[in-house]
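Report on one structure; see the data block that follows.
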Amino acid sequence: MGILDGKRVLVTGVLTDSSIAFHVARIAQQEGATVVLTGYGRLSLVERIAKRLPQPAPVLELDGTEWEDVATAVHVSAYSLKALAMAALPLMDGGGAVVGLDFDASVAWPAYDWMGVAKAGLESCARYLARDLGPRGIRVNLVAAGPLRTMAAKSIPGFATFEDVWPARAPLGWKISDPEPAARACVALLSDWFPATTGEIVHADGGVHAVGG
Ligand SMILES: NC(=O)c1ccc[n+]([C@@H]2O[C@H](COP(=O)([O-])OP(=O)(O)OC[C@H]3O[C@@H](n4cnc5c(N)ncnc54)[C@H](O)[C@@H]3O)[C@@H](O)[C@H]2O)c1
């Protein structure tokens with residue numbers, strides 16, 4: 001018995017087996033969901049990675065935007081959330097859940113003003129979607145993950161500074177190489193265990209957001 005038994009889950013953002021979305025898909029399958037993946041551009045790569053999941057999963061093409069700048073991860077998260085919600089609507093006339101991945105900007109990252117802006121954009125996007133989709137029984141929530149060593153992280157200048165800072169600051173500790181805690185938070189929010197939770201941001205960051213920087 002899994003917490004996603006009988007559910008169909010559309011997961012965007014899988015690129016490698018270190019992608020947070022890959023682990024969301026893996027755990028979602030382990031919890032009983034039927035998973036469909038989307039890939040952007042390098043579909044054959046995503047199809048190869050999909051074979052590493054517990055069960056085979058089809059891969060759909062999804063281009064979130066042409067925005068190819070360093071903020072790809074920021075834009076992608078915001079867009080995917082919208083795309084995901086819009087794409088899933090027809091499949092969710094009986095209600096459902098949308099979970100997006102947010103940035104955890106609790107530690108002052110002066111060099112990352114664009115992250116703050118995109119974070120604010122993503123959070124207000126989630127709130128509007130929560131307001132508009134709530135009457136359909138659709139919940140929209142965000143997971144603010146701590147720093148994780150993924151392809152997207154490679155495009156963030158100075159990301160390495162978090163390698164030392166975050167584990168030291170996190171009351172629960174934090175492993176930059178372990179996407180499981182963030183992925184589990186996404187899966188839990190997709191389950192029926194948060195029936196009255198929408199427009200929320202769940203931090204999966206070892207507690208850094210609570211102790212600040
Ligand atoms: N790695 C971290 O430290 C961290 C922390 C918090 C939030 N996030 C967010 O998590 C999400 C997943 O990133 P990740 O860290 O797993 O890295 P990743 O590189 O594994 O995943 C990023 C994904 O975005 C996809 N993508 C890029 N441009 C796209 C477009 N135009 N349309 C559709 N998809 C596109 C890529 O194909 C890739 O699958 C991102 O939104 C990122 O902002 C990452």
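Remember, it's 1-based here, ligands and their atoms both numbered in the order they're listed. Computation of the quantities below employed the complete heavy-atom set of this structure, encompassing side-chain atoms and omitting hydrogens, waters and symmetry-equivalent molecules.
- Rounding to the nearest 0.5 Å places CD of E163 at 14.0 Å from NZ of K175.
- Judged purely by atom type and a 3.5 angstrom limit, T38 has no side-chain atom pairing as donor or acceptor with the backbone of L60.
- Short contacts between ligand 1 and L62, defined as distances under 4.0 Å to a heavy atom of the residue, involve ligand atoms 32 (N), 33 (C).
- Geometrically, ligand 1 and A153 share no nitrogen or oxygen pair separated by less than 3.5 Å.
- In this structure, CG in L142 is found 9.0 Å from CZ in R127, a value given to the nearest 0.5 Å.
- Remark: ligand 1 and S18 share no N or O pair separated by less than 3.5 Å (distance only, no angle test).
- The closest approach between any non-hydrogen atom of G146 and ligand 1 is below 4.0 Å.
- Under a 4.0 Å heavy-atom criterion, F159 is in contact with ligand 1.
- Taking CH2 of W166 as the start and CG of L148 as the end, the distance is 10.0 Å to the nearest 0.5 Å.
- Every atom of ligand 1 with a heavy atom of P147 under 4.0 Å away is listed here by number and element: 3 (O).
- At a threshold of 4.0 Å, the pair R184-E31 does not count as salt-bridged, since none of the basic side-chain nitrogens sits closer than that to a carboxylate oxygen.
- In this structure the side chain of E180 reaches within 4.5 angstrom of the side chain of I27, judged on heavy atoms.
- In T150, the part holding a heavy atom less than 4.0 Å from any atom of ligand 1 is the side chain.
- With a 4.0 Å heavy-atom cut-off, ligand 1 is reached by the backbone of V14 but not by any atom from C-beta on.
- Not a single N or O atom of A145, backbone or side chain, sits closer than 3.5 Å to an N or O atom of ligand 1.
- Atom CG in L189 sits 9.5 Å away from atom OG1 in T198 (nearest 0.5 Å).
- Below 4.0 Å from some heavy atom of M151 lie the following atoms of ligand 1, by number and element: 19 (O).
- Using a 4.0 angstrom heavy-atom cutoff, T16 does not count as in contact with ligand 1.
- Heavy-atom contacts of L15 reach the following atoms of ligand 1: 38 (C), 39 (O) (cutoff under 4.0 Å).
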**Asked** Would D192 and K7 count as a salt bridge (charged side-chain N to carboxylate O under 4.0 Å, His left out) if you check the C-alpha gap in whole Å, the side-chain angles of each, and the deciding distance to 0.1 Å?
**Response** CA-CA 10 Å; D192 294 336; K7 289 191 182 300; 2.9 Å; yes
